Amino acid sequence: LIDRMVDARAVVYRRRAEELAAGPVVVGAAIVRDGTVLAAQRAHPPELAGRWELPGGSVEPGETEPAALARECREELGADVRVGERVGTDLPITVRGRDRTLRIHAATLAAGEPQALEHRAVRWLAPAELPTVAWVEADRALVPDLRALVAGD
Ligand code: C5P
């Protein structure tokens with residue numbers, strides 16, 4: 001039994017080491033409803049203002065990714081979400097000059113109608129609209145994955 005506990009600790013420890021090596025993660029939500037996905041238009045910084053993204057933000061130390069995503073959606077949209085499966089692959093992004101990993105999860109609304117509390121606007125995009133908006137660079141790469149996600153809704 002002690003051996004197995006030591007093994008389990010080692011697994012947790014190694015996973016944490018891998019996470020640290022990968023650096024902090026930024027999580028984003030692909031919130032799906034009725035065959036559409038929610039996009040949010042950034043209000044800042046100036047070089048990103050007006051561009052569209054999936055709502056989200058940085059995972060805080062000690063916070064799980066689903067918890068971070070739920071927190072960000074409450075803060076940014078005033079809505080509660082249920083966090084689902086990963087969408088697409090991890091994408092490299094730069095946040096204020098630092099390398100980060102952007103990781104998207106599918107989500108559904110649990111309560112509340114999303115509002116642009118920290119964004120300029122929010123908008124539900126149908127599949128045909130997905131390629132037409134001015135996405136931030138990393139999120140644009142997710143368009144095919146978002147189409148597939150919405151098609152399966
Ligand atoms: O919202 P916040 O400023 O915490 O986002 C951190 C960074 O992550 C931003 O610089 C933004 O460009 C990036 N980001 C992104 N795609 C998202 C969410 C955030 O590229 N869906």
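Since we're looking at a predicted model, the values are computed, not measured. We count ligands from 1, going down the list as the structure has it; atoms in each ligand are counted the same way.
Residue Glu72 places no heavy atom under 4.0 Å from ligand 1.
The closest non-hydrogen atom to atom 14 (N) of ligand 1, taken over Glu53, Arg98, Arg103, comes from Glu53.
Of all protein heavy atoms, the one closest to atom 1 (O) of ligand 1 is Arg42 NH1, 3.6 Å. In terms of protein heavy atoms, atom 4 (O) of ligand 1 is closest to Gly57 CA, 4.0 Å. The protein heavy atom nearest to atom 20 (O) of ligand 1 is Asp139 OD1, 3.6 Å. Regarding atom 13 (C) of ligand 1, its nearest protein heavy-atom neighbour is Ile93 CD1, 3.7 Å. In terms of protein heavy-atom proximity, atom 6 (C) of ligand 1 is closest to Val95 CG1, 4.0 Å.
In the model, His119 has a side-chain atom that pairs as donor or acceptor with a side-chain atom of Glu53 under 3.5 Å.
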Leu38 vs Leu77, side-chain contact (heavy atoms from CB on, under 4.5 Å): CA-CA, chis, key distance, verdict: CA-CA 10 Å; Leu38 189 79; Leu77 306 171; 3.9 Å; yes

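Rounding to the nearest 0.5 Å places CG of Asp139 at 4.5 Å from CG of Leu54.
In terms of heavy atoms, Val150 sits closest to Gly35 at CG1-O, 2.7 Å. Shortest non-hydrogen contact noted between Val26 and Ser58 is CG2-OG, 3.9 Å.
Inclusion of Pro55 in the set of residues having an N or O under 3.5 Å from an N or O of ligand 1 is not warranted.
Against a heavy-atom cut-off of under 4.0 Å, Leu48 is close to the following atoms of ligand 1: 12 (O).
A cation-pi arrangement is present between Arg33 and Trp124 under the rule of less than 6.0 angstrom and at most 45 degrees off the ring axis.
The one candidate from Arg103, Arg71, Arg86 that meets the salt bridge (Lys or Arg N to Asp or Glu O under 4.0 Å) condition with Glu65 is Arg103.
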